[in-house]
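In what follows, a structure is listed as structure tokens, so that the remarks can point back to it.
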Amino acid sequence: MTAFVLKRLGFAVITLFAVLTIVFFIVRILPGDPAMAILGDQASQEALVALRARLGLDQPLYIQYVQFLGGVIVGDWGVSMVSGRPVIQEILKVLPATLELTIVSLILGAVVGVPLGVWSAVRRNKLPDYITRMASLLGLSFPAFVSAVLLLLVFAIQLRWFPVISSGQGTTLGERLRDLALPAINLGLIMAAYITRVARSAMLEVLNQDYVRTAYAKGLAFATIIWRHCLRNAMIPVVTVVGLYLGILIGNSVLTEIVFNRPGLGKLIIGALNQRDYTMLQGMMVIYTLIVVLVNLLTDLTYGLIDPRIKYS
């Protein structure tokens with residue numbers, strides 16, 4: 001088990017280094033001059049040169065790259081080119097709101113998607129199966145920002161069950177849940193659609209295995225066979241799609257936060273893109289990369305918990 005964990009950690013470090021390198025160079029080739037974005041089109045050439053020197057943009061690219069990697073390692077991600085405040089502070093101020101939305105959406109998607117997928121597989125080619133497949137296909141067909149606008153129009157503007165602006169600043173648990181409800185439902189249902197289809201396919205494959213027929217022949221209860229024996233063996237593909245989709249979920253959370261006017265990484269990254277704030281963009285990409293690499297690592301370790309044979313592969 002120790003060797004398995006160390007090997008996965010090694011892959012995680014290599015992946016993180018590669019992604020950070022790509023992020024650094026992609027940010028640098030974005031069109032536009034950060035100094036001009038900060039000072040405006042009317043700034044003098046002397047002011048632009050002075051600002052580029054202060055921001056370190058006049059240095060050779062390899063020196064900027066080494067400084068960037070060194071700063072990431074020690075936790076110094078520089079200061080925002082626009083606000084002048086430390087990037088890490090700006091990110092940590094809004095990161096909890098995005099993580100809250102993502103985690104709640106993830107839980108909602110799993111709680112809804114897994115039982116629906118199992119139910120659909122057990123009732124294969126019957127009315128419940130057709131309804132579930134059509135509902136999941138509908139969930140996959142809607143982009144996150146379209147479904148967010150529809151939820152906002154129906155439940156916030158027409159029915160007035162939820163606030164139009166999800167401020168995320170509620171003082172009580174009820175207020176926070178009410179603010180979080182629509183954004184979490186928007187992302188959670190889309191994820192539930194993915195999980196439902198994967199869980200159904202995995203369960204159909206497991207239900208045709210010999211050990212399932214043997215369990216039926218031994219007289220085991222139907223619920224025991226499905227939930228104790230079949231589901232565990234069908235969970236590997238489900239865990240895989242949850243881990244892979246988390247990166248998509250974080251990306252969709254950007255659009256969802258903008259539609260619901262919710263604080264989070266979404267507004268921060270859009271502002272940084274518009275203002276060509278290199279250091280802020282780099283910091284945002286570092287956070288996204290760390291989250292995705294950590295989730296992939298946890299996904300690999302979860303494989304070993306579900307199927308002990310994987311620990312030695």
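- Qualifying side chain to side chain contact (heavy atoms under 4.5 Å, CB included) partners for Leu92, counting only residues two or more places apart in sequence or in other chains: Ile88, Leu95.
- For Leu189, the side chain to side chain contact (heavy atoms under 4.5 Å, CB included) test picks out Ile185, with sequence neighbours left out.
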Under the side-chain contact (heavy atoms from CB on, under 4.5 Å) rule, what do Met284 and Leu265 come out as? Steps first, then yes or no, please. CA-CA 8 Å; Met284 299 284 290; Leu265 296 179; 3.7 Å; yes

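- Among residues two or more places apart in sequence or in another chain, the salt bridge (charged side-chain N to carboxylate O under 4.0 Å, His left out) test is passed with Arg123 by none.
- Applying the side chain to side chain contact (heavy atoms under 4.5 Å, CB included) criterion to Tyr211, with sequence neighbours excluded, gives Val206, Gln209, Asn233.
- Residues Ile91 and Met280 meet the side-chain proximity criterion, which asks for heavy atoms closer than 4.5 Å.
- With sequence neighbours left out, the side-chain hydrogen bond (donor to acceptor under 3.5 Å, both in side chains) criterion links Asn208 to no other residue.
- Other members of the hydrophobic cluster containing Ile63, listed by chain and number, are Tyr62; membership follows side-chain contacts under 4.5 Å among ILVMFWY residues, whether direct or relayed.
- Judged as a side chain to side chain contact (heavy atoms under 4.5 Å, CB included), and not counting sequence neighbours, the contacts of Val198 are Pro237, Val238, Val241.
- Listed by first and then second residue, the salt bridge (Lys or Arg N to Asp or Glu O under 4.0 Å) pairs involving residues 211-220 are Asp210-Arg213 (not counting sequence neighbours).
- By the 4.5 Å heavy-atom criterion applied to side chains, Glu257 and Pro183 are not counted as neighbours.
- Listed by chain and residue number, Tyr65 satisfy the side-chain hydrogen bond (donor to acceptor under 3.5 Å, both in side chains) test with Thr21 (two or more places apart in sequence, or in another chain).
- For residues 107-117, no residue pair satisfies the salt bridge (Lys or Arg N to Asp or Glu O under 4.0 Å) rule, not counting sequence neighbours.
- If you chain together hydrophobic residues whose side chains sit under 4.5 Å apart, Leu150 and Leu108 fall into the same group.
- Residue pairs meeting the side chain to side chain donor-acceptor pair (under 3.5 Å) criterion with at least one partner in residues 190-204, sequence neighbours excluded, are Ser120-Arg200, Asp129-Arg200, Ser136-Arg197.
- Under the 4.5 Å side-chain criterion, counting only non-hydrogen atoms from C-beta, Ile195 is not in contact with Leu116.
- Within the structure, side chain to side chain donor-acceptor pair (under 3.5 Å) pairs that include any residue of residues 140-164 comprise Ser147-Asn186 (at least two apart or interchain).
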